[in-house]
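The block underneath contains the structure these notes are about, expressed in structure tokens.
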Amino acid sequence: IFCFSNQLQKDLEEVKELLTKATRKRVRDVLMTEKQKLELEIKNQPPPKPKDVAEEEKSLLGGYTVKINNYGWDQSDKFIKIYISLSGVQKLPAENVQVNFTERSFDLLVKNLNGKNYTMTFNNLLKPISVEGSSRKIKTDVVLVMCKKKREEKWDCLTQVEKESKEKEKAAYDTSDPSEGLMNLLKKMYAEGDDEMKRTINKAWVESREKQSKGDIPMDI
């Protein structure tokens with residue numbers, strides 16, 4: 001964690017340095033967004049544990065650690081609920097399933113489940129949560145992480161990163177110029193498509209240009 005925090009701090013210093021040199025508004029806006037993201041990540045980093053505590057935890061863990069990537073989530077007016085499937089987790093002692101919460105993150109650690117340890121980390125949650133009101137429940141083959149919302153409002157997604165990704169994708173097609181939106185869509189389809197898709201788009205483009213040159217359709221479409 002300490003090493004990761006150092007890297008974030010170095011990234012932030014470099015972004016600040018670039019900001020002093022940037023003159024173009026668009027470039028400055030991008031750098032400012034990155035600066036704010038880094039500051040938020042650094043703020044949400046859990047404090048480093050004393051070396052003796054970290055070493056003790058490491059010796060208790062043993063085996064090897066698996067990072068959990070699969071989960072489901074749901075929400076009510078008061079809670080964000082994250083469901084993590086782990087076969088046999090209900091057989092563990094309760095203290096083997098630990099969750100640490102901050103206002104914008106949580107870390108899950110499941111120790112010694114069938115000889116393995118499991119971890120999951122969520123940073124930059126979309127909105128603040130109440131650390132005191134959040135908890136975890138152990139059910140049959142499932143760990144349920146309950147994040148208490150600070151405000152009773154609907155979340156569109158779990159993290160700030162997901163929100164920014166959705167907004168960028170929407171902005172690519174949400175434009176006042178319909179032809180520009182269509183071009184963005186075609187570019188995305190071309191970039192992500194297979195060879196057959198690329199041939200189809202190329203053919204349609206060539207035919208479109210031929211029609212334009214003959215005056216069959218307006219040049220701006």
Exercise. What residues form a salt bridge (charged side-chain N to carboxylate O under 4.0 Å, His left out) with Lys25, not counting sequence neighbours?
Worked result: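 Listed in chain order: Asp29.
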
For this session: For Lys35, enumerate each residue passing the salt bridge (charged side-chain N to carboxylate O under 4.0 Å, His left out) test, keeping only those at least two apart in sequence or located in another chain.
Result: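 Partners of Lys35 under the salt bridge (charged side-chain N to carboxylate O under 4.0 Å, His left out) test: Glu39.
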
Exercise. Can Val131 be reached from Phe122 by stepping across I, L, V, M, F, W or Y side chains whose heavy atoms are under 4.5 Å apart?
Worked result: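 The answer is yes; both residues are in one hydrophobic cluster.
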
Exercise. Given the rule that I, L, V, M, F, W and Y join up when any side-chain heavy atoms are under 4.5 Å apart, are Leu18 and Val30 in one cluster?
Worked result: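 No, Leu18 does not connect to Val30 through the hydrophobic network.
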
Exercise. Does any N or O in the side chain of Asp141 come within less than 3.5 Å of the main-chain N or O of Gly88, such that one atom is a donor and the other an acceptor?
Worked result: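 The answer is yes, because a donor-acceptor pair under 3.5 Å joins these two groups.
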
Exercise. Okay, side chain of Asn123, backbone of Ser105: is any donor-acceptor separation there less than 3.5 Å?
Worked result: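 It does not hold such a pair.
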
Problem set entry | CG/Asp74: more than 12 non-hydrogen atoms of other groups inside 6.0 Å |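 More than 12 heavy atoms, drawn from other residues, nucleotides or ligands, come within 6.0 Å of this atom.
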
With rounding to the nearest 0.5 Å, note down the distance linking [atom1] in [X] to [atom2] in [Y].
| X | Y | atom1 | atom2 | answer |
| --- | --- | --- | --- | --- |
| Ile82 | Leu125 | CD1 | CG | 7.0 Å |
| Gln90 | Thr140 | CD | OG1 | 4.5 Å |
| Asn124 | Glu164 | CG | CD | 8.5 Å |
| Glu41 | Leu12 | CD | CG | 10.5 Å |
| Leu113 | Asn96 | CG | CG | 9.0 Å |
| Lys78 | Glu153 | NZ | CD | 15.0 Å |

For this session: In sequence, state the C-alpha distance, the side-chain angles, and the governing distance for Lys37 and Gln160, and then conclude on side-chain contact (heavy atoms from CB on, under 4.5 Å).
Result: CA-CA 9 Å; Lys37 271 172 57 180; Gln160 191 66 31; 5.9 Å; no

Exercise. Taking it one step at a time, do Asp107 and Met120 satisfy side-chain contact (heavy atoms from CB on, under 4.5 Å)?
Worked result: CA-CA 6 Å; Asp107 292 288; Met120 170 179 270; over 6 Å; no

Partners meeting side-chain contact (heavy atoms from CB on, under 4.5 Å) with [X] (sequence neighbours left out):
| X | value |
| --- | --- |
| Val27 | Ala22, Arg24, Leu31 |
| Ser165 | none |
| Val161 | Thr159 |

Exercise. Is it true that Lys111 and Glu95 have a side-chain N and a carboxylate O under 4.0 angstrom from each other?
Worked result: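 Judged by the 4.0 Å cut-off on N to carboxylate O distance, Lys111 and Glu95 do not form a salt bridge.
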
Exercise. Is Glu14 paired with Lys10 through a side-chain N to carboxylate O contact shorter than 4.0 Å?
Worked result: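 Looking at Glu14 together with Lys10, the answer is no, because their closest N to O distance does not fall below 4.0 Å.
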
Problem set entry | Remaining members of the apolar cluster that contains Met146, side-chain heavy atoms under 4.5 Å |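 Members alongside Met146: Phe79, Tyr83, Val142, Leu144.
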
Nearest heavy-atom neighbours spanning [X] and [Y]:
| X | Y | result |
| --- | --- | --- |
| Phe106 | Cys147 | CD2-SG, 3.8 Å |
| Ser134 | Lys148 | OG-N, 2.9 Å |
| Asn70 | Ile84 | O-CG2, 4.4 Å |

Kindly indicate whether the side chain of [X], heavy atoms from C-beta on, has any atom under 4.5 Å from the side chain of [Y].
| X | Y | value |
| --- | --- | --- |
| Tyr64 | Lys116 | yes |
| Ile80 | Ile129 | no |
| Leu126 | Leu158 | no |
| Val110 | Val89 | yes |
| Tyr118 | Leu109 | no |

For this session: For side-chain contact (heavy atoms from CB on, under 4.5 Å), just list the numbers for Gln98 and Leu108, CA-CA rounded to whole Å, side-chain angles, deciding distance to a tenth of an Å, and then say yes or no.
Result: CA-CA 6 Å; Gln98 302 171 356; Leu108 166 70; over 6 Å; no

Problem set entry | No-hydrogen, no-angle side-chain donor-acceptor test under 3.5 Å, Gln75 and Lys149 |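 There is such a pair (donor and acceptor under 3.5 Å, judged by atom type) between the side chains of Gln75 and Lys149.
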
For this session: Check the pair Arg104 / Lys127 against side-chain contact (heavy atoms from CB on, under 4.5 Å), numbers first and verdict last.
Result: CA-CA 7 Å; Arg104 294 294 285 268; Lys127 299 177 188 292; 5.6 Å; no

